Protein chains: 2
Amino acid sequence: MARDESGFSHPDEGTLSLEAIFHALSDSYRLRIVRALAASAVPMNCGDLSFGRPKSSMSHHFRILRAAGVLHTTSQGVEHMNSLRRDMLDRRFPGLMAAILGETGQPAAGDHPRRLTPA
Amino acid sequence: MARDESGFSHPDEGTLSLEAIFHALSDSYRLRIVRALAASAVPMNCGDLSFGRPKSSMSHHFRILRAAGVLHTTSQGVEHMNSLRRDMLDRRFPGLMAAILGETGQPAAGDHPRRLTPA
DNA sequence: TTGTTTGTTCGATAAAAATGGAACTAATCC
DNA sequence: GGATTAGTTCCATTTTTATCGAACAAACAA
């Protein structure tokens, strides 16, 4: 978990908790942050992800997402750059982020989802 | 959303909220309920899923899961039988439940998860 | 060094969730 | 009818989260 060079602490892959991740994703602003980051090819700073809310409020949301292991923050000059920890999440919970972001890759709606009882 | 024959109200597929689902899954007892139901071939009653906690507390957790659309409850005699709404969830958020339950079906840990930046 | 920008931390308040006892309801049995 | 079982609802309490202004810190520029 150790604080990294930038002074932020990020959980190790081994200590990720699905519960904490779900809690992190159960807020609409945090979900918007995750979706924006997923759609971006490059890391984004906090200001670009503040959706017009006060800095202190958003700082709180970033902290929750960071502590859950959903995103990674690093300092670049005065800015704090954020990116999804997609590789780690995909290793630890394959399919989770894809499902959240709607990148199906799985049978789409209308197709034959796996079902216990035949249709 | 209408209350069904059994007197319980369950959300329609169209009104599912990812946020509400995440909130429902952000509690450890609720996650245990979901996992137990996923592992069971048949619906389970509330008593079998109470993990030794008071009835009123668990009733609360069942209500949250039901309202989020995660499970379906129906009366059978004095008992309330619960089952995962797996088909609906799979249609609406393909891969989500599989990811939660650890049924990968996706590249497993150590394999080549889709990555934006080549390894 | 003073000022600016970007974001964190602090602290107080408000809102939301969780907990569990007690009373209650519905189905079932005797 | 009375007793039992299974779970819900009500209510009060506690715990956890969210919100946001204000003070603060770090990096940088003039």
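Atom set for the values below is all heavy atoms of this structure, side chains included, hydrogens, waters and symmetry mates excluded. In what follows, every chain begins at residue 1, and chains take the letters A, B, ... in the order their sequences are listed. Note that the structure is a prediction, hence the values are computed from the model and not measured.
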[X] [atom1] to [N] [atom2], straight-line distance once rounded to whole Å:
{"X": "B:I33", "N": "D:dG7", "atom1": "CD1", "atom2": "P", "value": "12 Å"}
{"X": "A:L65", "N": "C:dT8", "atom1": "CG", "atom2": "P", "value": "12 Å"}
{"X": "B:F62", "N": "D:dG7", "atom1": "CZ", "atom2": "C1'", "value": "10 Å"}
{"X": "A:E19", "N": "D:dT16", "atom1": "CD", "atom2": "P", "value": "13 Å"}

For the residue pair [X] and [Y], what are the closest heavy atoms and their distance?
{"X": "A:L37", "Y": "A:N82", "result": "CD2-O, 3.3 Å"}
{"X": "A:L18", "Y": "A:L96", "result": "CD1-CD2, 4.0 Å"}
{"X": "B:L49", "Y": "B:M58", "result": "O-CE, 3.4 Å"}
{"X": "A:A24", "Y": "A:A68", "result": "CB-CB, 3.7 Å"}

- Query: Is A:R66 near enough to C:dT8 that one of its side-chain N or O atoms lies under 4.0 angstrom from OP1 or OP2?
  - Reply: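 Affirmative; the distance criterion is met.
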- Query: For A:R63 and D:dT17, is the shortest distance between a side-chain N/O and OP1 or OP2 below 4.0 Å?
  - Reply: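 It does not, given that no N or O in the side chain of A:R63 lies less than 4.0 Å from OP1 or OP2 of D:dT17.
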Within the distance-only criterion (no hydrogens, no angle test), does the side chain of [X] pair as donor or acceptor with the backbone N or O of [Y] below 3.5 angstrom?
{"X": "A:S17", "Y": "A:E19", "result": "yes"}
{"X": "A:H72", "Y": "A:H10", "result": "no"}
{"X": "B:R35", "Y": "B:R30", "result": "no"}

- Query: Which residues within residues 21-28 of chain B lie with some heavy atom under 4.0 Å of an atom in DNA chain C?
  - Reply: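 Those residues whose heavy atoms fall under 4.0 Å from DNA chain C, taken from residues 21-28 of chain B in numerical order, are B:H23.
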- Minimum-distance nucleotide (side-chain atoms of B:V78 versus C:dT28, C:dT8, D:dT8):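 Shortest atom-to-atom distance from the side chain points to C:dT28.
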- Item | Whichever of A:I64 and B:H80 has its nearest DNA chain D nucleotide further upstream toward 5' |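 Nearest-nucleotide comparison on DNA chain D picks B:H80.
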- Message: Tell me if the centroids of the rings in B:F8 and B:H80 come within less than 6.0 Å of each other.
- Response: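 So the answer is yes for these two rings.
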- Message: Under 4.0 Å, heavy atom to any atom of DNA chain D: which of residues 43-61 of chain B qualify?
- Response: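 Heavy-atom contacts with DNA chain D come from B:N45, B:C46, B:G47, B:K55, B:S56, B:S59.
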- Partner of A:F22 by side chain to side chain contact (heavy atoms under 4.5 Å, CB included), out of B:I21, B:D27, B:I100: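 When B:I21, B:D27, B:I100 are each tested with A:F22, the side chain to side chain contact (heavy atoms under 4.5 Å, CB included) holds only for B:I100.
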